[in-house]
**Student:** 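Attaching a single structure in structure tokens format; questions to follow.
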Amino acid sequence: MQTIDFRLYLITDRKTAKVPLEEAVEEAFRAGLKAVQLREKDMTGREVLALATKLRELSARYGAKLFINDRVDVALLVGADGVHLGQSSMPIPVVRGLVGENVLIGQSTHSLDEATEAARKGADFITLGPVYETPSKLMYGAPVGIETLQKVRKKVKVPVFAIGGIKVDNVGDVMGSGADGIAVISGILSGDSVFDATKKYLESL
């Protein structure tokens, strides 16, 4: 079984990045990133597969983990380290049956109930958020805040990654509330230097 040996989890959004996504991800890997989730929901299956194949080569070269959002088929085809499921994805036990024990399963959660349910059903780790207000997560409603993170940490035994509005200057508060790591999109991808932004997050962790 693979382990969760990372604390910074980059989630892709090619529309946020100022350079081609592949280039941005390599910059993050060069800075020391150890896990990335390919999450490009508006791409066709063929496009996702092509990009996943490139990112798999990069992640292998840098000794980093590659997760594929939702597309279990693509994850299996490229030999990804894990899949990341949303609340409307296939159920965790079904995915486990497809991928086996050696592929990690992450689940996005937005409340204490969703977090405990994901852990009970066999997720290897969860993301919880949005912790702070952030444009990319407005559809999920009001931020869950640090309080929910603390409650989840007490009840859930799997690693919890906080997501949503996490900047270098609030990483300390998030980690101090019990998060095992942080998941970031625009904090890394939207800046002028993906390398520098990744380094700053890793240093703050």
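Computed from heavy atoms alone, side chains included, the values below leave out hydrogens, waters and symmetry copies. Since the structure is predicted, the reported quantities are computational estimates derived from the model, not experimental observations.
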**Student:** Count I, L, V, M, F, W, Y as connected when their side-chain heavy atoms are under 4.5 Å apart, and connections chain through other members. Are Val74 and Leu76 then in the same cluster?
**Tutor:** no
**Student:** Examine distances only and state if a side-chain atom of Gln2 and a backbone atom of Asn102 form a donor-acceptor pair shorter than 3.5 Å.
**Tutor:** yes
**Student:** State whether the number of non-hydrogen atoms from other residues, nucleotides or ligands found under 6.0 Å of Lys34 atom NZ is greater than 12.
**Tutor:** yes
**Student:** Just verifying a value: how many Å separate Met43 CE and Leu51 CG, rounded to the nearest 0.5 Å?
**Tutor:** 5.0 Å
**Student:** Using a distance-only test with no angle check, is there a side-chain donor-acceptor pair under 3.5 angstrom linking Glu40 and Thr12?
**Tutor:** yes
**Student:** State, without any angle test, whether Arg56 and Thr53 hold a side-chain donor-acceptor pair at a distance under 3.5 Å.
**Tutor:** no
**Student:** Check Asp73 with Arg71, please: is the shortest side-chain N to carboxylate O separation under 4.0 Å?
**Tutor:** yes
**Student:** Measure the spacing between CD1 of Ile185 and CD1 of Ile166 and express it to the nearest 0.5 Å.
**Tutor:** 10.5 Å
**Student:** For a salt bridge (charged side-chain N to carboxylate O under 4.0 Å, His left out) check, start with the C-alpha distance between Arg30 and Glu27, then their side-chain angles and the critical distance, and finish with the verdict.
**Tutor:** CA-CA 5 Å; Arg30 277 203 320 115; Glu27 280 296 290; 3.2 Å; yes
**Student:** Do Val131 and Ile188 belong to the same hydrophobic cluster, where Ile, Leu, Val, Met, Phe, Trp and Tyr are linked whenever their side-chain heavy atoms lie under 4.5 Å apart, directly or via other members?
**Tutor:** yes
**Student:** Quick one: does any side-chain atom of Glu47 pair with a main-chain N or O of Thr44 as donor and acceptor, under 3.5 Å?
**Tutor:** yes
**Student:** Give a yes or no answer on whether the side chain of Asp124 reaches the backbone of Ile105 with a donor-acceptor pair at less than 3.5 Å.
**Tutor:** yes
**Student:** Taking Lys54 first and then Glu57, would you say they form a salt bridge - that is, a charged N and a carboxylate O separated by under 4.0 Å?
**Tutor:** no
**Student:** Would a hydrophobic clustering, with Ile, Leu, Val, Met, Phe, Trp and Tyr connected at side-chain separations under 4.5 Å, put Phe6 with Phe195?
**Tutor:** no
**Student:** Please tell me whether Tyr201 and Leu10 are part of a single hydrophobic cluster in this structure, the criterion being side-chain heavy atoms less than 4.5 Å apart.
**Tutor:** yes
**Student:** Using modelled atom types and a 3.5 Å cut-off, is there a donor and acceptor pairing between side-chain atoms of Gln87 and backbone atoms of Ser108?
**Tutor:** yes
**Student:** Do Ile4 and Val103 belong to the same hydrophobic cluster, where Ile, Leu, Val, Met, Phe, Trp and Tyr are linked whenever their side-chain heavy atoms lie under 4.5 Å apart, directly or via other members?
**Tutor:** no
**Student:** Measure from the side-chain N and O atoms of Arg96 to the backbone N and O of Val99, and report whether any donor-acceptor pair falls under 3.5 Å.
**Tutor:** no
**Student:** Main chain of Gly165, side chain of Asn170: is a donor-acceptor contact present, judged purely on distance under 3.5 Å?
**Tutor:** yes
**Student:** Kindly check if the number of other-residue, nucleotide or ligand heavy atoms within 6.0 Å of NZ (Lys200) is above 12?
**Tutor:** no
**Student:** Taking the side chain as C-beta and beyond, is there a heavy-atom pair between Ile11 and Ile163 under 4.5 Å?
**Tutor:** yes
**Student:** Just verifying a value: how many Å separate Tyr9 OH and Phe67 CZ, rounded to the nearest 0.5 Å?
**Tutor:** 5.0 Å
**Student:** Can you measure from OG1 (Thr198) to CD (Glu203) and round to the nearest 0.5 angstrom?
**Tutor:** 11.0 Å
**Student:** For Asp42, does the CG atom have more than 12 heavy-atom neighbours from other residues, nucleotides or ligands under 6.0 Å away?
**Tutor:** yes
**Student:** Is it the case that the side chain of Ser89 and the backbone of Leu85 share a donor-acceptor pair, with hydrogens and angles ignored and the cut-off at 3.5 Å?
**Tutor:** no
**Student:** Rounded to the nearest 0.5 Å, how far apart are CG of Leu149 and CG of Leu112?
**Tutor:** 11.0 Å
**Student:** Look at atom CZ of Arg61 and say whether more than 12 heavy atoms of other residues, nucleotides or ligands are closer to it than 6.0 Å.
**Tutor:** yes
**Student:** What distance separates Leu205 CG from Asp180 CG, expressed to the nearest 0.5 Å?
**Tutor:** 11.5 Å
**Student:** Verify ring pair (Phe, Tyr, Trp, His ring centres under 6.0 Å) between His84 and Phe161, making sure each step is shown before the conclusion.
**Tutor:** CA-CA 12 Å; His84 195 100; Phe161 284 75; 9.2 Å; no
